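First the proteins, then the strands, lettered A, B, ... as listed; each starts at 1. As the structure is a prediction and not an experimental result, all values here were calculated from the model.
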Protein chains: 4
Amino acid sequence: MEVFEQLESRIRGYCRTWPAVFDRAKGARQIDENGKEYIDFFAGAGVLNFGHNDDRMKAALLRYLESDGVTHSLDMATTAKRTFLQTFHDVVLKPRGLDYRMQFTGPTGSNAVEAALKLARKVTGRRTVVAFTNGFHGMTLGSLACTGNAKYRDAAGVPLEHVVRAPFDGYLGEDVDTLEELRRMLADPSSGVAPPAAFVVETIQAEGGVNVARTAWLKGLAELAKAHGALLIVDDIQVGVGRTGSYFSFDGTGIEPDIVCLAKGIGGYGLPLAVCLVKPEHDQWSPGEHTGTFRGQDLAFVAGTVALSYFADDALCDAVKRKGAKTHGRLDALVESLGRPEVDLRGRGMIHGLDLGSGAWATAATKAAFERQLIISPCGPSGRVMKVIAPLNIPDADLDAGLDRLCEAVQATKGAA
Amino acid sequence: MEVFEQLESRIRGYCRTWPAVFDRAKGARQIDENGKEYIDFFAGAGVLNFGHNDDRMKAALLRYLESDGVTHSLDMATTAKRTFLQTFHDVVLKPRGLDYRMQFTGPTGSNAVEAALKLARKVTGRRTVVAFTNGFHGMTLGSLACTGNAKYRDAAGVPLEHVVRAPFDGYLGEDVDTLEELRRMLADPSSGVAPPAAFVVETIQAEGGVNVARTAWLKGLAELAKAHGALLIVDDIQVGVGRTGSYFSFDGTGIEPDIVCLAKGIGGYGLPLAVCLVKPEHDQWSPGEHTGTFRGQDLAFVAGTVALSYFADDALCDAVKRKGAKTHGRLDALVESLGRPEVDLRGRGMIHGLDLGSGAWATAATKAAFERQLIISPCGPSGRVMKVIAPLNIPDADLDAGLDRLCEAVQATKGAA
Amino acid sequence: MEVFEQLESRIRGYCRTWPAVFDRAKGARQIDENGKEYIDFFAGAGVLNFGHNDDRMKAALLRYLESDGVTHSLDMATTAKRTFLQTFHDVVLKPRGLDYRMQFTGPTGSNAVEAALKLARKVTGRRTVVAFTNGFHGMTLGSLACTGNAKYRDAAGVPLEHVVRAPFDGYLGEDVDTLEELRRMLADPSSGVAPPAAFVVETIQAEGGVNVARTAWLKGLAELAKAHGALLIVDDIQVGVGRTGSYFSFDGTGIEPDIVCLAKGIGGYGLPLAVCLVKPEHDQWSPGEHTGTFRGQDLAFVAGTVALSYFADDALCDAVKRKGAKTHGRLDALVESLGRPEVDLRGRGMIHGLDLGSGAWATAATKAAFERQLIISPCGPSGRVMKVIAPLNIPDADLDAGLDRLCEAVQATKGAA
Amino acid sequence: MEVFEQLESRIRGYCRTWPAVFDRAKGARQIDENGKEYIDFFAGAGVLNFGHNDDRMKAALLRYLESDGVTHSLDMATTAKRTFLQTFHDVVLKPRGLDYRMQFTGPTGSNAVEAALKLARKVTGRRTVVAFTNGFHGMTLGSLACTGNAKYRDAAGVPLEHVVRAPFDGYLGEDVDTLEELRRMLADPSSGVAPPAAFVVETIQAEGGVNVARTAWLKGLAELAKAHGALLIVDDIQVGVGRTGSYFSFDGTGIEPDIVCLAKGIGGYGLPLAVCLVKPEHDQWSPGEHTGTFRGQDLAFVAGTVALSYFADDALCDAVKRKGAKTHGRLDALVESLGRPEVDLRGRGMIHGLDLGSGAWATAATKAAFERQLIISPCGPSGRVMKVIAPLNIPDADLDAGLDRLCEAVQATKGAA
């Protein structure tokens with residue numbers, strides 16, 4: 001670790017949480033340079049939906065590399081990209097009857113959000129965007145303005161403006177419709193709140209503490225957006241691509257966002273890729289208006305095409321639902337046994353948040369889990385929520401073992417609360 | 001191309017400039033799906049300094065993939081990252097006596113610039129940054145505020161503030177010291193210009209039209225920054241990593257930037273990677289203050305380590321100087337033969353800008369070049385500058401052929417001016 | 001009127017509402033150049049609390065002018081200013097046990113608010129200010145950012161930032177504690193809402209439609225401000241100086257603002273004057289940090305000193321209460337007789353808002369009132385609220401006659417709704 | 001003075017510079033409560049062009065007050081306002097062939113500038129305004145953004161944006177055309193500087209240190225504005241209304257501003273009044289779009305009408321030229337005798353700046369002058385410029401005596417430099 005301490009910036013974080021030098025990885029396991037194996041309940045912050053180094057993707061990548069396929073292509077046309085576009089259309093859009101144009105942005109979620117915000121502002125000719133408490137949308141100044149976390153915001157060094165903050169579903173208790181205030185303000189020309197260019201929302205706030213919006217609220221939001229000529233941007237970067245048991249997290253809600261931001265899992269193998277899905281009527285870009293050097297990542301197109309194939313039938317999504325239910329059951333029993341009223345369990349599909357109500361406890365539990373060879377990370381306000389996001393294809397044995405270790409770690413650190 | 005037209009956003013750009021579907025690439029050549037070969041004078045917008053699919057990097061990548069090395073690691077410690085860090089230190093920093101900490105940001109140049117701006121603002125407690133006419137620093141709101149191009153700026157949809165614009169070297173003619181005005185303003189408490197957090201500068205403005213800052217000007221800038229407690233940020237994203245005939249573009253100028261932003265070429269194989277080099281005294285980040293999902297790209301570390309090895313001796317850089325001189329000579333003769341006073345040639349190492357003084361001419365010449373199987377792109381104000389940035393290791397035969405085609409294309413389109 | 005139409009800007013407004021050329025004024029009456037007398041239920045937008053050309057003030061002004069007292073003094077010391085300062089202290093502050101420093105700003109309410117915002121930001125080192133729906137605080141960019149009205153805001157031509165908008169008391173219905181959301185957001189480091197420099201509030205939103213905050217809400221606001229280290233700024237510009245039946249509108253609520261902004265009525269005779277009352281611990285200005293040419297208006301000090309004398313005993317305030325109750329009774333009966341559920345009556349002391357629920361009706365009623373020689377102006381969202389703010393010392397006969405005319409005008413225009 | 005120290009805010013400034021309690025004033029003299037007489041070379045910061053308590057204005061005011069003329073009228077029509085409008089048209093506009101609409105704003109210069117900026121942004125649909133080094137335009141956030149002084153700017157507590165700062169005439173030496181840089185930037189779509197809504201300029205920067213723009217520069221500025229569709233706003237608040245020897249400071253330059261801001265001297269007697277003169281084609285306001293309680297100050301209209309009468313013939317302006325020349329001669333001799341190369345004299349008409357090159361010296365000289373019963377104030381960067389702005393109608397004896405005292409004070413404090 002000395003090399004990291006001497007040569008890398010103080011900003012490094014996860015290598016402090018999990019002080020091991022990793023060398024190899026496979027499936028739901030990361031292996032350090034001493035051969036020690038860790039079960040992965042973190043999945044690269046939601047990137048590795050298909051586990052580490054999935055064999056089918058690996059084979060495709062090796063083939064592509066060996067054949068000297070184009071690696072880097074910006075937004076030139078390539079055969080690999082064409083295959084990805086067509087497969088995305090055939091597997092994801094067509095079966096849902098969805099009509100979206102695909103925009104490949106710089107390959108980070110933050111960049112996809114920046115592009116979505118620009119486009120919404122251009123299409124509407126408006127400036128303000130509504131974002132929600134505990135939202136997380138990225139680290140560059142445009143997306144950061146939509147992010148709620150004070151630590152990240154304060155690091156901007158400049159005011160983060162042009163965003164109105166509204167309470168997410170459930171923020172004021174289950175019984176309060178948190179959209180009502182916005183409804184009144186937007187109907188009132190003297191409220192001081194102008195009609196927004198867009199609402200930007202995660203259906204499940206992952207970094208924000210695994211807060212799950214109810215369908216009725218999402219529908220209300222979509223109606224409010226429509227009523228006021230604002231675009232609905234769904235940031236599905238962490239909970240899309242199968243995480244909730246279907247491709248999009250909003251499948252089945254009846255809402256149809258104007259723009260969907262995808263990144264993380266879309267490249268399949270942990271390779272950077274990001275995309276905005278844009279309703280054709282909003283695709284009002286001029287050519288080259290939002291550029292970026294690494295838009296055309298052909299290795300990511302190759303692995304991502306394999307990733308899409310996992311959605312060609314129901315096997316993966318069914319497994320997500322089954323394993324999600326198992327996870328929920330186990331953690332629910334843990335909550336019961338803890339006997340602490342402040343502890344709360346939230347989640348859907350294969351994303352769960354065990355809210356310990358205490359950042360100190362969560363920090364201790366994370367450490368205790370690592371000692372038990374489990375990789376898991378806290379999130380949410382003051383980092384008090386243990387976020388469980390295992391690879392979607394984690395073997396049941398690893399899932400069970402991981403849950404055992406998590407339960408032990410939480411129990412063992414109960415005193416840290 | 002139909003698939004792209006139907007499924008991709010209107011924003012696509014380069015696939016309009018070069019209407020071919022590329023399938024394979026090698027060295028300085030891109031090959032379309034019909035087997036047609038193009039000489040590459042574009043190099044992935046400066047990414048592919050080592051050409052397409054360099055065999056040594058390819059071998060390393062295949063080995064790494066086959067061994068199931070960690071692919072995606074955020075800022076966890078990995079063996080591949082450690083090797084990269086150590087090699088960068090040994091090959092680049094140590095021989096120059098430079099002391100920098102390395103911060104891996106989200107893997108785009110824009111993200112590296114955003115991180116640098118945040119850090120400069122944090123370190124100084126100031127807000128304003130000085131950027132230059134025709135500067136290009138990225139597309140996200142923080143970096144975009146530093147970018148000069150109106151088309152990109154207007155797409156923001158919000159004001160881009162906290163940046164003071166100053167004229168780049170030569171902007172007001174060769175004889176005007178463009179820093180003098182800033183010197184007076186910063187010394188005058190009533191000028192309306194506050195002491196800045198940083199100056200952000202490219203030593204050669206690549207996208208801005210291949211404008212080359214003179215050493216004396218860069219030194220003056222470094223002194224001005226120091227005198228006013230501002231950080232000097234060099235954005236070496238496009239012209240670093242060997243482009244000018246040495247690793248950094250500022251080698252030999254005597255200046256030592258407080259922060260250096262690198263991206264594009266650093267990952268070697270066109271794989272996304274970005275890094276900020278930060279003077280230890282400015283490395284005042286808290287852990288995790290600027291995060292990003294794709295910071296830890298191990299394939300890029302693997303290929304990038306091979307890329308660094310090309311700087312272990314002088315062979316590559318000597319070749320860059322030699323081929324750069326050849327390019328300059330050929331283009332100089334072209335300028336001469338064109339007999340148009342508005343045509344200008346600028347450049348250093350293996351980046352050259354042939355300023356045709358007319359966007360229409362440059363557009364026509366780009367098209368004519370593509371018809372001659374040469375990939376080249378215009379840049380600069382109104383897109384009037386043909387930018388020549390071939391891979392650094394382009395074979396002489398390809399370089400010669402490419403220059404032939406370029407000269408023909410420019411001559412053939414003279415009437416379009 | 002031709003001269004106005006030819007030489008004055010199109011922006012002129014009130015001369016369109018009340019198309020007469022006024023020549024003289026006395027008490028609660030304005031007299032046009034043809035000798036036609038109008039009862040004044042507008043009082044110079046709340047300036048003329050003591051009526052037009054009060055005889056005691058007039059005598060004092062004539063004496064002062066004749067003696068060549070200093071007229072214009074910026075913040076030099078003058079005898080007239082000293083008398084005003086001392087009288088304000090003796091009559092207003094001392095009896096209430098209040099300790100405030102007085103800052104004379106540029107002589108507009110907007111300027112007082114701008115100064116208060118600057119000071120709150122300086123004292124706290126914070127940037128954001130919380131303002132409320134339907135708030136009105138002025139027209140210059142700092143105060144305008146706190147104002148809610150879209151017409152005024154849109155005229156700024158630049159974004160109005162650094163302000164968080166919260167719902168005023170009653171905005172979401174009588175049963176909703178509109179501060180609860182802010183309480184949660186300010187306690188949550190990931191809410192996206194930073195601790196504010198200040199809350200800026202009117203206890204009764206006059207321009208906003210005569211919305212009256214309840215004492216419990218004001219107390220809650222004061223506690224919230226204190227809990228988060230924010231300053232409480234009460235903008236008492238329209239409803240201070242006796243309007244509610246005591247000097248300050250917040251007398252008797254138990255709250256003690258950190259800064260109080262006064263203007264309009266303070267100069268007594270309609271002469272421009274504005275002042276910020278600042279708690280000594282927050283009086284952290286450097287000399288001359290917020291200047292202004294017309295800070296020292298000695299004629300206003302002279303008339304304003306007489307105005308203060310009206311608060312030396314209870315006569316004026318008792319009359320305000322009595323006449324306010326009478327007004328309320330009459331308007332209540334009107335509401336009853338109108339039989340329209342959307343019509344609402346709000347008010348306290350001698351400010352009342354008759355909310356007709358329709359801007360068209362209010363416009364027609366204003367016109368009908370003018371035809372009946374009553375000057376009254378609508379306010380609130382879409383201008384649907386008839387605001388009754390007669391001079392505090394209006395004779396009962398004029399008050400009664402004015403109320404008669406108002407009731408007739410409203411009844412007569414019922415069809416315009 | 002105790003009352004001021006105990007009851008007034010620490011922000012008070014001029015009463016520290018001139019520690020006397022003033023009671024009466026007449027002509028060019030202020031008299032303190034002990035009967036001590038001071039010669040006034042400050043003129044209420046440029047307000048009292050017609051001296052203190054001018055007898056003709058005084059008589060008009062007394063008559064108006066006695067007749068119970070309307071005092072406060074917002075933008076209602078009054079007979080006093082009509083007379084002022086007509087007189088302004090007849091005396092100022094018509095003889096010059098100028099066609100302007102008059103907009104009365106809140107009665108401070110800052111408010112006039114805020115209104116002008118709003119209108120320019122509305123008319124052009126643009127946001128950015130160009131202001132100049134050492135410019136002074138007011139203290140509210142919109143006008144303050146155009147002001148250069150760092151002390152004032154820092155007090156804002158929020159970023160002051162949407163303004164591009166350019167060097168005033170002479171800022172880079174006599175030989176540099178400071179507009180050339182802007183000319184290039186505005187012609188270059190990649191400069192990072194967008195076409196501005198307006199240029200806001202003082203022809204003579206009074207607070208900024210008495211910097212006098214040359215006619216050629218003003219013409220160049222007017223051309224530049226026209227060429228780029230920007231409005232030219234002349235802030236004539238301190239140097240208009242006769243200060244330079246004609247009504248407008250730009251008379252005779254050939255430029256015709258799109259908007260002229262007037263305040264200070266316009267009300268004649270030190271009574272607050274401010275006005276924007278707007279070219280009819282730019283008078284695109286909606287009624288009531290920029291309001292303000294104290295727009296209709298009838299006492300100021302009455303005194304201001306008398307003030308205008310002084311421009312009905314050439315007597316006043318001729319005297320200004322004569323007394324200005326005398327002042328210049330005396331101060332020039334002083335500069336000569338001081339033998340300090342850093343001392344500089346600038347000015348035109350009856351505004352002069354004696355730049356001592358040292359804030360310490362100027363502070364000492366100001367104090368020494370006050371001890372000699374001369375009221376004068378420093379201005380400019382670091383307060384190093386003694387600004388001489390006596391009332392325009394100062395008797396020659398007082399002017400001579402004042403100049404004697406000033407020369408003595410400067411000589412006596414030479415060591416403080």
Side-chain angles (χ1 to χ4, degrees), chain C residues 3-4 7-15 21-26 33 44-45 47 53 68-72 74-79 82 85-86 89 101-103 106-108 114 118 121-122 127 139-142 155 157-158 162 264 269-270 272 278 283 285 287-290 292-294, chain D residues 3-4 7-15 21-26 33 44-45 47 53 65 68 70-72 74-79 82 85-86 89 101-103 106-108 114 118 121-122 127 139-142 155 157-158 162 264 269-270 272 278 283 285 287-290 292-294:
Chain C
V3 169
F4 299 94
L7 303 182
E8 205 179 353
S9 162
R10 291 172 33 148
I11 204 170
R12 63 195 188 283
Y14 287 123
C15 61
V21 181
F22 295 102
D23 185 51
R24 283 170 304 123
K26 196 74 188 176
E33 59 181 337
V47 166
N53 300 338
D68 282 327
V70 174
T71 305
H72 173 80
L74 295 117
D75 64 353
M76 290 180 245
T78 68
T79 47
R82 186 171 58 196
L85 280 166
Q86 190 66 57
H89 177 260
R101 296 285 173 272
M102 300 180 72
Q103 175 190 2
T108 63
E114 295 258 350
K118 282 186 187 177
R121 284 164 170 149
K122 178 174 178 141
R127 192 177 42 77
M139 284 284 137
T140 49
L141 289 193
V158 294
H162 317 307
K264 293 203 188 256
Y269 208 76
V278 179
D283 185 23
W285 288 112
E289 222 175 353
H290 178 90
T293 295
F294 292 118
Chain D
V3 169
F4 299 94
L7 301 183
E8 204 179 354
S9 162
R10 290 172 34 149
I11 203 169
R12 64 195 187 282
Y14 287 123
C15 60
V21 181
F22 295 102
D23 186 50
R24 283 170 304 123
K26 197 74 189 175
E33 59 181 339
V47 167
N53 300 337
L65 277 169
D68 282 326
V70 175
T71 306
H72 172 80
L74 295 115
D75 64 355
M76 289 179 246
T78 68
T79 47
R82 187 172 55 197
L85 281 166
Q86 191 65 56
H89 177 260
R101 296 284 173 275
M102 300 180 73
Q103 175 190 2
T108 63
E114 295 258 351
K118 283 186 186 178
R121 285 165 170 148
K122 179 176 177 138
R127 192 177 42 77
M139 285 284 137
T140 49
L141 290 192
V158 295
H162 317 307
K264 292 201 188 259
Y269 208 76
V278 179
D283 184 24
W285 289 112
E289 223 175 351
H290 178 89
T293 295
F294 292 117

Approximate separation, where rounding is to 0.5 Å, of [X] [atom1] and [Y] [atom2]:
X       : Y        : atom1 : atom2 : answer
C/Glu8  : D/Met102 : CD    : CE    : 8.5 Å
C/Glu33 : D/Arg82  : CD    : CZ    : 4.0 Å
D/Asn53 : C/His72  : CG    : NE2   : 11.5 Å

If you look at every heavy atom in [X] and [Y], which pair is closest and at what distance?
X        : Y        : answer
C/Thr293 : D/Gly44  : CG2-O, 4.2 Å
D/Thr140 : C/Glu114 : CA-OE1, 3.3 Å
D/Leu141 : C/Arg121 : CD1-NH1, 4.4 Å
D/Cys15  : C/Ala77  : CB-N, 3.7 Å
D/Met139 : C/Glu289 : SD-O, 4.1 Å

- Message: Test side chain to side chain contact (heavy atoms under 4.5 Å, CB included) on C/Phe4 and D/Asp75; report intermediate values, then the result.
- Response: CA-CA 10 Å; C/Phe4 299 94; D/Asp75 64 355; over 6 Å; no
- Message: Side chains of C/Thr78 and D/Asp23: any donor to acceptor distance under 3.5 Å?
- Response: no
Do the side chains of [Y] and [X] get nearer than 4.5 Å, heavy atoms only?
X        : Y        : result
D/Pro287 : C/Ile11  : no
C/Arg10  : D/Gln103 : no
C/Val278 : D/Ser9   : no
D/Leu7   : C/Arg101 : no

Side chain, backbone, both or neither: which part of [X] has a heavy atom under 4.5 Å from chain C?
X        : result
D/Leu85  : both
D/His162 : side chain
D/Phe294 : side chain

- Note on the structure: Note: vs chain D, highest number of non-hydrogen pairs under 4.5 angstrom among C/His89, C/His290, C/Gln86 is C/His290
- Task: Report the option among C/Gly292, C/Gly106, C/Gly69, C/Ala45 that has the most heavy-atom pairs separated by less than 4.5 Å from atoms of chain D.
- Result: C/Gly69
- Steps toward salt bridge (Lys or Arg N to Asp or Glu O under 4.0 Å) verdict (D/Lys26, C/Asp68): CA-CA 7 Å; D/Lys26 197 74 189 175; C/Asp68 282 327; 3.0 Å; yes
